[in-house]
Every structure is written in C-alpha cells, then in structure tokens.
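Order of the sequence lines sets the chain letters (A, B, ...), proteins ahead of strands, with each chain counted from 1.
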Amino acid sequence: MKLAQLVGQRLKEAPREAGTPSHVYLLRGGYARPVAAGIFTLLPLARKVTAKIEAIIRREMNRIGGQEVLMPVVLPEELWHESGRASDVGAELLRFRDRNDKPMVLAMTHEEAVCQIARSEIFSYRQLPCMLYQIQRKYRDEARPRAGLIRVREFSMKDAYSFHASQEDLEHYYQQAHQAYERIFQRVGLTDVVSIQSDTGMMGGAVSHEFMALASCGEDTLLMSPDGSYRANREVATAAHSFSREEPLPLEKVHTPGKQTIEQVAEFLGADKQRTGKAVFYLDADKKLVYAMVRGDFEVNESKLRKHLGTLRLEPADEGAIRAAGAEPGYASPMDIAQDKARMVIDPSVAESSNLIVGANEPDYHYRNFNYSRDVKEAEIADIATVRPGDPCPVTGEPLLEKRGIEVGNIFQLGEKYSRPMQCTYLDEQGREKFLLMGCYGIGVGRTMAAVMEQSHDDYGPVWPMSIAPFQVHLCALNSRKPEVREAADRLYQQLQEAEVEVIYDDRNEKAGFMFSDADLIGAPLRLVVSPKTLAQGQVEFKTRDGSEKAMFEQEQAVAEICKRVEAALNYST
RNA sequence: CGGGACGUAGCGCAGUCUGGCAGCGCGUUUGACUGGGGGUCAAAAGGUCGCGAGUUCGAAUCUCGCCGUCCCGACCA
C-alpha cells in the first residue's frame with residue numbers, strides 16, 4: 001500500500017475533543033472519525049488493527065472448543081421480557097418499533113438470543129459442554145460516551161456463551177476461558193492486564209472476573225495488594241479493618257446548631273471523623289427507603305449496597321422520602337427510624353465501633369456515645385463501605401494500592417440465570433430434564449485496540465506490537481524525485497510485498513520530517529529509510545519504532561532481516 | 001440526569017465584550033526552490049459563522065428558543 005492513497009488524513013494538531021492519548025492518536029493518525037457522540041467509523045488503519053485482534057481472539061476461542069456464530073443486532077423486545085431483563089435495564093437499551101409496530105431492541109448483549117438457539121438446538125447431555133461465540137456489534141445507549149473508543153455507544157464485541165451439565169464442568173471451563181483470555185491479551189500486546197474480582201451487575205450470576213488493562217485514563221478503579229495477590233474492582237473490594245471497642249458510655253444529646261455534614265459536626269465537636277457515624281439515604285427499585293450507615297471517614301459503596309439489597313437500582317433519596325420514614329435530614333438517627341418504612345443497613349465500621357457521634361433525629365442536635373449493639377434493635381449488618389487506598393488488604397494485610405484500569409474483557413459464571421427463565425433444558429443420563437448451566441465471556445475489540453494505544457505510545461504516536469500493527473514495515477523514500485532513490489525504494493517495496501510482508505510505502509515528494517511524523521503516527525514496528533545518503537553507501541537504514549535499534553543494511557539483507565523479525569514476532573507459542 | 005465549557009474553512013484558533021467587507025496558522029491544489037524530524041517563495045481552491053426566530057438601516061457579534069460536542073459527577077456486561 002502506498003501512503004499517498006491511504007484514506008485517513010494525518011493531522012498535525014489534535015481535535016479539541018480528544019483528551020486521552022488513544023483518542024488523540026486515533027484522530028491524529030487517521031484511524032477513526034466520530035459520527036456522533038460515542039459512534040465512530042473505523043478507517044482502514046483501525047480496521048486493520050481490529051481485524052488482527054479479532055483473528056487472535058478467533059484462534060484462541062477455537063482452541064477452547066468455540067464454535068463461531070452470528071446473531072442479529074436487532075432483536076424482538078419480547079425475548080428480553082422472557083429473560084426478565086426488559087424491566088431491569090433502563091435507557092441503555094435502545095427500544096423502537098418496526099413498521100408493524102412490533103417492539104424491537106438493539107442488542108446490548110446476546111444472552112437472550114443465544115438462549116433461543118440453545119433451547120432449539122441443545123437437547124442432550126451428549127452435546128455438552130459446548131461453547132458458541134460471535135464477533136458482533138452491540139449498541140448501548142450510554143449516558144456519557146467518553147475517551148474516544150474507550151467508552152462508546154456502538155461497538156464490536158466478542159461474546160461467548162458456554163453450556164454445561166454441571167457446576168464442576170462450568171467451573172472447569174471458566175478456568176479454560178480465563179487462560180484463553182490471558183493468552184489473548186498477551187498476544188495483542190497488552191502488557192499490564194490483571195483479572196480482578198468484579199460485580200456481576202446486570203449480568204447476574206455468582207462469579208465473575210474483569211480483565212483490566214492498567215492505564216491512567218481507565219474508568220474503573222482497582223485495589224491491589226502490593227504483591228498482586230489480591231486484586232478487586234473498587235465496586236466489590238473489601239478491606240481487613242479492625243475496629244476498636246471501648247466501654248459504652250451513656251448517650252448524651254448535644255446541641256450542634258446548623259451542623260449537618262460530617263465535617264461540620266466533627267469540627268464543631270472537636271472529634272475525629274472516625275468518631276462519627278454517617279447516614280446516607282437511598283430509594284431502591286421499589287422506591288422503598290434505604291438507610292445506609294458507615295463510619296464518618298468512610299463512603300457508602302453503592303455497588304456493594306445494591307448487591308446486599310438484591311436490587312439493581314438505587315437513587316439518592318430526597319428530603320421528603322427521608323422525612324416520610326420519620327428521619328430528620330442532616331440529623332438522622334439510627335435509633336428512630338420507622339422499621340416498617342425503611343431498610344437499615346449498617347456497616348461493620350459502625351456496628352463494631354463504640355461511642356460514635358450520630359444524629360439525634362431533630363434539627364440541630366446530635367448524640368454522643370452511640371453504640372450499635374446497645375442502641376439499635378433491628379438492622380442488617382453488611383460491608384457497604386468503599387475501600388480506600390492504604391486500607392489493609394484482606395489477604396496480606398498490607399496497605400492496598402489504587403490503580404485505574406480499562407475493562408477490556410470479562411467472564412461470568414451465569415449458572416441458570418438465563419436458562420431457567422428462558423426454559424433452556426436438556427435431558428441428563430437418567431432422562432431427567434434439567435436447566436443448562438451457562439457461562440459468558442466478553443471482550444471489547446475496539447476498546448482493546450485503544451487500550452494497547454494507551455499502554456504503548458510515545459510523544460509522536462502509537463508504538464504497535466507486531467501482532468496487531470496496521471502495517472509491519474514503513475518504507476520511506478526520502479528525496480524520491482532522485483531516480484536512484486525511487487528505483488531502490490520501488491525495488492524494496494516490491495521485494496517486501498513478494499515476501500508477503502505488510503508494507504506501507506511513502507514515496508511522496510515530501511520533507512523528511514513530514515514523512516517521519518506520518519510514520520510515527522502510523523506506528524509500524526519496523527522502518528526502512530532509503531535516501532541519497534544511505535544509497536551513497538549502497539545501503540538502507542533500518543529502525544525500530546520503539547527507538548531501541550538502528551542499523552544500516554544492504555538491500556537484500558534488509559529484506560531478509562525484516563522477514564526474519566516479522567516471522568519471529570508472529571511465531572507465537574504457548 | 002445534575003454541574004461546567006465550547007460550536008467561525010478539513011484541523012487548530014482570532015474576531016463576539018463595544019453590531020459595519022469573513023480572518024490567521026496548518027493541511028489541500030499548481031509551480032519553483034529545498035532535501036534526515038511537519039522547510040521557503042509565489043499563486044489558488046475551500047465558509048448556510050451549529051439551527052430557528054427576534055431586535056436593527058445592517059447581526060458571527062445583541063435577545064429568546066432549540067440542537068450538537070467535550071469535560072466532571074450520577075449511571076454503566
């Protein structure tokens with residue numbers, strides 16, 4: 001391919017909307033163009049990269065017995081009613097009607113569709129286990145797309161679904177999938193990927209892991225022990241706190257005029273925030289009030305709370321709802337909540353501490369010396385506190401580190417979550433009808449490309465690993481109007497093509513710096529430069545994009561060297 | 001959905017406060033020179049100033065409404 005004909009202009013300056021490195025280089029390098037918020041066209045460079053990522057995914061899915069299928073993007077909404085998710089998910093699911101006024105949706109994932117196949121095609125334990133996968137587009141009507149291809153509304157995803165006759169078999173396969181994912185991310189060149197415990201969220205199921213590419217622009221927050229033995233999404237992370245108990249002192253009502261926040265109360269009473277209790281009110285999916293309480297120096301973790309409550313939605317409660325349960329906003333007391341009007345969930349940081357300052361349930365008053373076991377009759381105790389960096393690791397006890405990550409993949413043990421409502425059954429050896437046990441496994445393709453860019457770039461552009469580079473070699477002919485340069489470069493171009501090396505050839509009559517800048521933005525791992533200077537020595541210049549190597553070769557040697565390196569880099573073995 | 005910023009040529013921006021010919025740099029086209037990190041000179045093409053109303057002799061500029069994009073938060077397999 002000649003660079004002059006490559007569609008996708010390189011830009012000297014980044015468009016204003018681009019913030020993160022991958023977003024900047026996707027736009028500057030001519031990889032992708034925005035069509036609407038969170039909706040992109042992939043230009044040839046990006047499509048070459050994603051095609052290579054997809055090929056790697058296919059190989060690894062096939063290796064663990066995957067069978068590729070292709071399910072539709074447009075699905076009847078009734079399928080989503082069958083699974084029960086039509087009412088669980090909100091506006092992210094784009095719903096519309098077809099010409100016959102039939103309610104339809106754009107698939108945001110394909111559990112329902114694959115269940116429909118499973119129940120019509122899988123009848124016997126003899127067919128199990130099996131796994132179906134596809135690489136297909138998904139649409140999620142995200143409230144806030146961001147960071148280029150990292151969070152988009154329409155995207156390409158590899159999604160896989162496995163079916164099993166037993167929990168043991170599901171768990172065994174889950175391990176295989178986990179290993180396949182590690183191979184995939186290694187092969188695409190992601191250097192910092194960790195699998196972490198995660199929230200199952202709307203997918204449901206018992207066990208799940210997220211694969212996180214560590215990157216500062218990542219939107220997920222991870223907590224890790226320094227030795228890496230504990231890794232969890234902040235949504236589920238726990239800490240091994242120890243709380244000190246003291247002899248309970250008598251309750252004492254104190255005047256705290258106008259002091260509503262923890263900061264104000266603690267400062268006014270000259271106490272540490274650790275000596276206070278913080279009340280936070282929510283409304284669950286049924287609009288029932290939830291009273292959540294953590295120690296004053298903690299924050300309520302809504303993911304953990306949601307999971308504990310078994311609800312998919314939580315919203316902050318307004319003052320009216322709080323008052324309706326007999327609580328005073330700003331001065332809420334855990335002792336005066338009408339039990340039938342609110343669910344009270346108390347974090348161990350409160351339940352296991354002594355003599356805390358809490359609200360007195362009337363304006364401008366707090367209590368000192370609140371003790372959960374003495375002062376509260378009925379409440380649920382659950383870990384609902386957000387873990388902070390520095391908190392003690394639940395495994396090693398060391399201070400936890402906080403990192404940011406891009407979720408490039410995830411795997412779930414779904415069990416019967418979908419097979420039961422959708423009636424996906426098979427007959428076991430005894431002829432009994434049973435529900436299929438399912439696992440599901442996703443990888444975001446475009447997001448993976450962006451994550452590689454985030455992890456592998458310099459000030460001039462992406463530095464692609466050979467395995468997914470849009471081109472393997474960038475050939476520059478400097479001063480190409482000189483016949484000897486053109487002749488030598490043309491010959492190199494031809495030889496490389498004949499050797500089936502993927503080469504981008506820049507024979508434009510441009511200044512060296514201009515051409516090098518374009519080459520940096522395209523990011524091919526190897527570069528050859530032909531110029532009057534190199535030809536004076538009968539040679540061409542060889543460079544690696546990462547700057548680690550530079551050498552002069554005779555032409556034939558150069559071709560041989562390139563072939564050798566391309567082959568070596570792609571010859572992946574496990 | 002809450003808060004903030006922005007919308008003028010393909011990209012980056014000035015002009016808007018204080019109404020009066022639509023500008024600059026880069027990129028693109030043509031030619032010459034140049035030749036190892038976005039070069040120089042000359043010429044050229046390229047605009048419903050986000051959209052719609054209104055005020056005015058006159059609106060990119062003032063007023064009202066709408067749309068879009070980005071950032072922070074909420075939300076999110």
Inset, instruction - Would you mind pulling out the nucleotide paired to B:rA45, Watson-Crick or G-U wobble, both distances under 3.5 Å? - result: none
Inset, instruction - Quote, to the nearest angstrom, the P distance that separates B:rG36 from B:rG73. - result: 47 Å
Legend entry - is_close_aromatic(A:His209, A:Tyr174), centroid dist under 6.0 Å: yes
Legend entry - Under the ring-ring contact (aromatic ring centres under 6.0 Å, His included) test, residues paired with A:Phe211 that sit two or more places apart: A:His178, A:Tyr181, A:Phe185
Legend entry - A:Tyr493: partners by ring-ring contact (aromatic ring centres under 6.0 Å, His included), with sequence neighbours left out: A:Tyr505
Legend entry - Atom P, compared across B:rU55 and B:rU61: separation rounded to whole Å: 15 Å
Legend entry - Nucleotide forming a Watson-Crick or wobble pair with B:rA5, both distances under 3.5 Å: B:rU69
Inset, instruction - Find which nucleotide of RNA chain B each of A:Gln9 and A:Pro15 is nearest to by heavy atoms, and output the residue with the more 5' nucleotide. - result: A:Pro15
Legend entry - Which residues share a side-chain contact (heavy atoms from CB on, under 4.5 Å) with A:Ala232, sequence neighbours left out: A:Gln197, A:Tyr230, A:Val236, A:Ala237
Legend entry - Nearest-angstrom distance, P atom, B:rG3 to B:rG12: 27 Å
Inset, instruction - Spell out protein contact along nucleotides 30-38 of chain B as letters: B when the base is contacted, S when just the sugar-phosphate is, - when no protein heavy atom is under 4.0 Å; keep the 5' to 3' order. - result: ----BBBBB
Inset, instruction - Could you tell me whether A:Tyr441 contacts a base, only the sugar-phosphate backbone, or nothing, with contacts defined as non-hydrogen atoms closer than 4.0 Å? - result: nothing
Legend entry - Any residue meeting salt bridge (charged side-chain N to carboxylate O under 4.0 Å, His left out) with A:Asp141, in chain and number order, not counting sequence neighbours: A:Arg153
Inset, instruction - Among residues two or more places apart or on two chains, list those pairs meeting ring-ring contact (aromatic ring centres under 6.0 Å, His included) that have a residue in residues 526-553 of chain A. - result: A:Phe542-A:Phe553
Legend entry - Heavy-atom protein contacts under 4.0 Å, nucleotides 66-75 of chain B, coded B base, S sugar-phosphate only, - none: ---SSBBBBS
Legend entry - ring-ring contact (aromatic ring centres under 6.0 Å, His included) involving A:Tyr139 - partner list, sequence neighbours excluded: none
Inset, instruction - Could you give the distance separating B:rU8 and B:rU48 at their C1' atoms, to the nearest angstrom? - result: 12 Å
Legend entry - Pairwise side-chain contact, A:Tyr460 with A:Tyr25, heavy-atom cut-off 4.5 Å (strictly under): no
Legend entry - Between B:rA22 and B:rA59 - P atom distance, rounded Å: 11 Å
Legend entry - Residue of the set A:Arg85, A:Glu111, A:Glu112 for which side chain to side chain donor-acceptor pair (under 3.5 Å) holds with A:Tyr418: A:Arg85
Inset, instruction - Quote, to the nearest angstrom, the P distance that separates B:rC75 from B:rA9. - result: 38 Å
Legend entry - Base-pairing assignment for B:rC62 (Watson-Crick or G-U wobble, both under 3.5 Å): B:rG54
Inset, instruction - Sequence neighbours left out, what passes ring-ring contact (aromatic ring centres under 6.0 Å, His included) with A:Tyr291? Give chain and number order. - result: A:Phe281
Inset, instruction - Sticking with atom P, work out how far B:rC41 lies from B:rC51, rounded to a whole angstrom. - result: 35 Å
Hey, what are the protein-to-nucleotides 43-48 of chain B N/O distances that come in under 3.5 Å?
none

Inset, instruction - Output all residues satisfying side-chain contact (heavy atoms from CB on, under 4.5 Å) with A:Glu17, sequence neighbours left out; order by chain, then residue number. - result: A:Pro15, A:His23, A:Leu27, A:Pro34
Inset, instruction - Mind calculating the distance between CE (A:Met212) and C1' (B:rC76) to the nearest angstrom? - result: 12 Å
Inset, instruction - Find the partner of B:rA74: check Watson-Crick (N1-N3 plus N6-O4 or O6-N4) and G-U wobble (N1-O2, O6-N3) distances, both under 3.5 Å, and reply none if neither fits. - result: none
Legend entry - G-U wobble or Watson-Crick pairing nucleotide for B:rU40 (cut-off 3.5 Å, both distances): B:rA32
Legend entry - Whole-angstrom distance between B:rG4 and B:rU18, as gauged at atom P: 23 Å
Legend entry - Protein-nucleotide distance (A:Leu43, atom CG; B:rG10, atom P), rounded to Å: 17 Å
Legend entry - side-chain contact (heavy atoms from CB on, under 4.5 Å) partners of A:Lys482, counting only residues at least two apart: A:Asn479, A:Glu484, A:Val485, A:Pro532
